[in-house]
Structures are given as structure tokens and as C-alpha cells.
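For reference, the structure is listed below as C-alpha cells.
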Amino acid sequence: MIWETELPPAFNAVREGSLFLAVLGIFLVAGPALGQDGQKTADAEQQKHESPAPSNEAAQDDPHAGHIMAGMNMVEMNPASMFLMNLASGTSVNAAAWPMPMVMTHFGSWNTMFMGGGFLVDTQQSGPRGGAKLYSPNWFMTAAEHRVGTRGAFQTDIMLSLDPATVTGERYPLLFQTGETAYGKAIVDGQHPHNFVMALGFHYAYQLSENTTLSAYFAPVGDPALGPVAFPHRASATELPEAPISHHWQDSTHISDEVVTVGIDHKKLRLEASGFHGAEPGENRWIIQTGPIDSWATRLWFFPTKNWAAQVSVGRIVHPEALEPGDQVRATASLQYIKPMPGGSWASTFVWGRNHSTATLRNLNSYLVESVLPVARKNFITGRAELVAKDELFAGQPDIEQHLDLLYGSTFRIGAYTLGYTRDVALFRFVETGVGANVTNYSLPDAIKPYYGNHPLGGNIFVRFRLKPHE
């Protein structure tokens with residue numbers, strides 16, 4: 001299915017680079033209008049409908065409440081407002097029990113949220129195809145929400161990263177990682193940096209009834225309804241600086257172009273459908289690229305309690321990789337559990353993802369389990385285990401690829417097993433700083449050990465930093 005749309009001039013301005021002017025214009029033009037509309041409809045019923053947040057007692061039974069709790073510095077919030085402020089990446093969500101690490105305040109009648117974090121990492125990857133590098137993945141996100149009447153809410157968000165400057169050479173070493181390109185060649189054994197604009201989105205939610213909410217989302221850069229919460233936003237990955245090697249099987253669409261999503265939320269279920277541009281980001285990481293809405297996805301969420309979040313999704317991604325023919329049909333399923341504890345939250349995630357290539361007709365599966373456990377308030381134990389079927393490890397080396405294909409086949413199952421530790425260190429008033437390390441042991445078929453070594457290892461020593469929430 002191919003969709004092609006012509007966007008309104010206001011969004012064309014965003015696409016052509018007038019990013020901050022467009023966002024500022026929406027705040028200046030829409031803000032007063034929305035505020036007037038909300039005031040007209042709300043004055044008579046303010047005591048009945050207005051509440052800054054659900055009470056702690058009510059939140060215990062609401063699987064969607066949790067990130068926004070009573071006592072935070074917020075104004076004029078209704079259920080639609082809280083629906084939007086609980087979103088993670090695009091329209092994806094972590095389980096509501098997670099106390100999202102964000103600073104919340106308000107400017108006039110606008111509620112705002114600020115999040116930020118990153119790592120300074122020294123990585124060492126062993127074996128003939130390993131490497132070493134000092135690099136820094138990082139990001140900063142802000143969102144502004146405004147109530148629209150008593151039942152609706154509007155939100156805009158932007159997420160920026162300096163990865164294009166702090167991850168030099170278009171990649172950092174990561175054994176067995178594949179996906180995207182650098183300098184016209186496929187990236188193998190390395191992870192690409194994120195774009196400067198990781199997300200720019202506009203949301204609207206409307207509460208139809210006590211248990212039902214409609215939502216709409218448009219993003220020149222954003223996350224369609226495909227896969228779990230992307231790893232930079234995922235609660236269980238907060239102490240892991242490196243990307244999963246299953247990333248391009250599970251959540252790689254989290255920086256897509258021209259995303260349009262509609263959804264309906266009823267009690268413990270949420271159903272969403274998206275259209276988006278399927279190509280992976282180009283090598284110029286500083287710009288917002290464009291393209292037709294040619295891909296689709298749909299996702300079903302289930303929230304049995306505030307501690308659990310589960311999803312299944314499927315989508316067709318049109319020509320995602322620049323150097324590979326054909327499309328990908330992706331299916332994913334995930335289950336997340338979060339339990340708040342002293343000093344943090346115990347967060348665990350299981351993800352399955354499968355890519356079907358329309359060019360090779362191969363079905364390649366991936367599995368991921370990851371967890372972070374706080375211990376004695378200032379310590380975090382982390383773990384991640386992955387199994388991924390890879391067929392791109394020798395892209396750009398046709399002689400080796402053909403030789404292996406004739407003798408052993410084209411697909412190799414790779415295992416990656418990571419164990420790590422982080423210790424919080426109080427250095428700054430408004431920044432949570434931690435020092436940590438992790439090590440990854442890999443399993444691989446005998447056929448490719450001559451190229452990777454018998455026992456390849458990877459390790460990271462890092463400093464973690466993130467914006468500190470209000471006490």
C-alpha cells in the first residue's frame with residue numbers, strides 16, 4: 001500500500017528547515033486560542049472537571065496513571081492532558097509505574113516537561129573486527145501541553161541530540177551490529193549516531209467518555225506505531241549506553257519521517273494505526289529529510305495493571321535500507337514489567353522482532369531480554385541478553401559473503417550477553433551522575449570465527465548523566 005500526501009504549507013515550512021520558527025508560531029498562535037476556548041468551556045464546571053493530577057489512591061487502579069502524580073507543579077490538567085504527558089517516544093509508553101525522570105513545570109497555562117541524558121563512553125571491542133573509541137550518545141527532550149476545553153488536550157514535543165558531533169566518523173564500534181550506511185557503505189560492526197532532530201511531533205487527544213480516549217499524532221520526525229518503546233526511552237535500558245544489536249529488528253523506526261498516527265484507548269487496551277516514510281535516515285544527520293508516506297503499521301497495547309505494558313505490532317517498511325533491495329515486513333511483540341523501589345525502579349523488558357525481506361524472502365528473528373535493578377539506592381545492576389539472526393555481516397565483502405553462502409548458508413545466529421554496574425555519584429545539583437562499566441560476551445557459529453575470533457568481547461567504561469527530577 002502506498003500513500004502519498006501533500007502537507008499543508010505550515011508543515012512544509014518545518015520540513016524546509018524553519019524548525020524553531022514553526023514550533024514558536026504554534027505556541028504563539030495556538031496557545032491563546034486554545035486558552036480562550038478552554039476558559040469558555042471550563043469556567044462554569046471548573047470545580048467538577050479540573051484537577052492537577054489523579055490522586056495517589058485513584059492512580060493505584062489506573063494502568064495509565066503513574067508518570068504524572070499529584071503534587072507536581074502542573075496546571076489545568078484533564079485526563080486527555082495526562083494521556084499525552086505519559087507518552088514516551090511517539091505514541092509508545094512505558095508501564096505507568098515508572099516514575100519518568102523529568103522536570104515538570106508550567107508557563108502560564110502551558111504544562112511543560114524537560115528530560116535529558118547521555119553517556120561519555122570509552123568502548124573496547126576485541127577480535128579482528130573490533131575497535132576502540134571515546135564517544136558520547138546524548139539527547140534532550142521537551143514537551144509543552146495545553147488543555148483544549150474540558151475533554152481535549154494538545155501537545156507538541158521536540159527531541160534533539162548532538163550525536164552527529166559527539167559520535168565521530170558516523171559510527172561507534174559495536175560488534176555484530178548492522179543497519180544504515182556511512183560514507184556510502186553499509187555499517188557493519190558499528191552503531192550509527194542519531195539525528196540532530198530525533199523527534200518533532202504534534203499530538204491531540206480527546207476523551208470520548210470516562211474509559212475511552214481518541215488520539216492523533218503528526219510528526220515530521222517521529223515514531224510510528226511499530227515495536228516497543230525505543231531503547232533510548234525504554235526504562236530497562238537507562239543504564240546501558242550501547243544500542244541492542246537487535247535494534248533494526250525491533251525499534252529502528254523510532255526516527256521516521258512524515259509520521260501520521262491515529263489511536264483509540266479503551267480501558268486497558270489501545271489500538272493504533274500509522275502511515276510513515278519507510279527509508280532509514282540519510283547520512284546527513286543534521287537535517288530533517290522528507291519523503292512520501294509509503295509505509296504502514298498497526299499496534300495493539302494491553303495494560304493489565306500499572307506495572308505491566310504489553311504490545312504486538314506489524315508493519316510494512318518500504319525500502320528502509322539504502323543499499324539493500326526490497327521492503328521489510330516487521331512483526332514485534334514485547335512485555336514490560338516495572339516495580340518502583342528505593343533509589344529507582346526494577347524495570348525488565350522482553351522483545352521479539354522479526355523482519356521478512358521481500359527481496360530475499362528470508363524471515364530473520366530476534367529476541368531480547370534486558371533488566372535494570374536498583375540496589376541500596378545508589379547502585380544499579382544491568383543485564384541484557386540477545387539472540388539475532390544476521391545476514392548482513394559481510395555486506396561490502398562479496399567474495400567472503402559468496403564463499404560463506406556456498407558452504408554454510410547466508411544467515412548466522414549471534415548471541416550477545418551483557419552484564420553491567422552503575423554507581424550514582426552526587427556531583428551536580430540538577431544532574432544525576434553515575435559511573436559504570438559493562439562487558440558483553442558474544443556467541444557465534446564456527447563458520448565465522450576466523451573473521452571475528454573464537455571469543456570476541458566488548459566492554460564499556462562510562463559516565464552517565466541525566467536531568468534530575470524535582471524531589
Side-chain angles (χ1 to χ4, degrees), residues 13-23 88-90 114-123 125 131-143 157-174 177-201 219-224 230-234 237-238 240-245 247-248 251-259 276-291 320-323 396 431 460 462-467:
V14 174
R15 298 189 339 177
E16 291 170 6
S18 302
L19 175 61
F20 298 103
L21 292 178
V23 174
S89 173
F114 302 92
M115 298 177 67
F119 296 85
L120 180 63
V121 188
D122 179 66
T123 188
Q125 304 276 300
K133 192 165 193 169
L134 180 68
Y135 69 97
S136 175
N138 56 83
W139 56 271
F140 176 81
M141 180 179 181
T142 184
D157 54 60
I158 185 169
M159 184 174 183
L160 306 176
S161 172
L162 290 177
D163 275 15
T166 59
V167 180
T168 57
E170 294 281 346
R171 58 190 285 168
Y172 61 80
L174 184 57
Q177 182 68 299
T178 57
E180 300 195 22
T181 64
Y183 308 109
K185 297 181 179 181
I187 297 177
V188 180
D189 301 313
Q191 170 66 27
H192 61 81
H194 286 116
N195 286 22
F196 172 62
V197 181
M198 291 181 66
L200 172 63
V221 182
D223 192 349
F231 76 90
H233 309 264
R234 197 159 59 225
T238 53
L240 291 164
E242 70 274 30
I245 65 170
H247 172 50
H248 285 266
D251 56 5
S252 63
T253 54
H254 75 108
I255 304 181
S256 295
D257 301 306
E258 319 295 4
V259 180
F276 60 101
H277 181 55
E280 295 277 11
E283 293 185 26
N284 187 343
R285 304 284 174 177
W286 294 101
I287 65 171
I288 297 178
Q289 67 184 29
T290 63
E321 296 287 352
L323 300 182
V431 178
N460 298 295
F462 58 84
V463 178
R464 180 261 295 146
F465 48 91
R466 58 173 166 255
L467 196 61

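The model shown is predicted, which means the values in this text are computed figures rather than measured ones.
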Worked verdict on T238 versus R464 for side-chain contact (heavy atoms from CB on, under 4.5 Å): CA-CA 9 Å; T238 53; R464 180 261 295 146; over 6 Å; no
Working for side-chain contact (heavy atoms from CB on, under 4.5 Å), residues W139 and M115: CA-CA 8 Å; W139 56 271; M115 298 177 67; 3.8 Å; yes
Test side-chain contact (heavy atoms from CB on, under 4.5 Å) applied to H248 and E321, step by step: CA-CA 10 Å; H248 285 266; E321 296 287 352; 3.9 Å; yes
Test side-chain contact (heavy atoms from CB on, under 4.5 Å) applied to V197 and L160, step by step: CA-CA 5 Å; V197 181; L160 306 176; 4.1 Å; yes
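Within the 4.5 Å cutoff, no side-chain heavy atoms of V121 are placed close to those of L134. Side-chain contact check for Q191 versus H247: some heavy-atom pair is nearer than 4.5 Å. For the pair H192/R285, a side-chain contact is recorded, criterion being any heavy-atom separation below 4.5 Å from C-beta on. At a threshold of 4.5 Å between non-hydrogen side-chain atoms, the residues Q125 and Q177 do not count as touching. Residues P137 and H194 fail the side-chain proximity criterion, which asks for heavy atoms closer than 4.5 Å. At least one side-chain heavy atom of T142 sits less than 4.5 Å from a side-chain heavy atom of I158.
Within the model, atoms CZ of F140 and CG of L162 stand 11.5 Å from one another, a figure rounded to the nearest 0.5 Å. A distance of 11.0 Å separates CG in L174 from CD1 in I187, rounded to the nearest 0.5 Å. Atom-to-atom distance recorded for I288:CD1 and E258:CD is 9.5 Å, nearest 0.5 angstrom. In this structure, OG on S136 lies 12.5 Å from CG on D122, to the nearest 0.5 angstrom. Atom-to-atom distance recorded for T181:OG1 and R171:CZ is 11.0 Å, nearest 0.5 angstrom. Between F119 atom CZ and L240 atom CG the span is 7.0 Å, to the nearest 0.5 Å.
D223 approaches A230 most closely through the heavy-atom pair OD2-CB, 4.4 Å. The two residues R234 and P244 have their closest heavy-atom pair at NH2-CG, 4.0 Å. Of all heavy-atom pairs spanning T123 and Y135, the tightest one is CG2-CE2, 3.7 Å. Closest of all the heavy-atom pairs between G222 and P224 is O-CD, 3.8 Å. Counting all heavy atoms, side chain and backbone alike, P232 lies closest to H254 at CG-CE1, 3.9 Å.
The closest donor-acceptor contact from the side chain of Q289 to the backbone of G282 lies under 3.5 Å. A donor-acceptor pair is defined here as one N or O able to donate and one able to accept, closer than 3.5 Å; such a pair exists between the side chain of D251 and the backbone of F231. Although no hydrogens or angles enter the test, the distance criterion places a donor-acceptor pair under 3.5 Å between the side chain of E283 and the main chain of Y183.
The side-chain contact (heavy atoms from CB on, under 4.5 Å) test with S161 is passed by exactly one of I255, N138, T166: N138.
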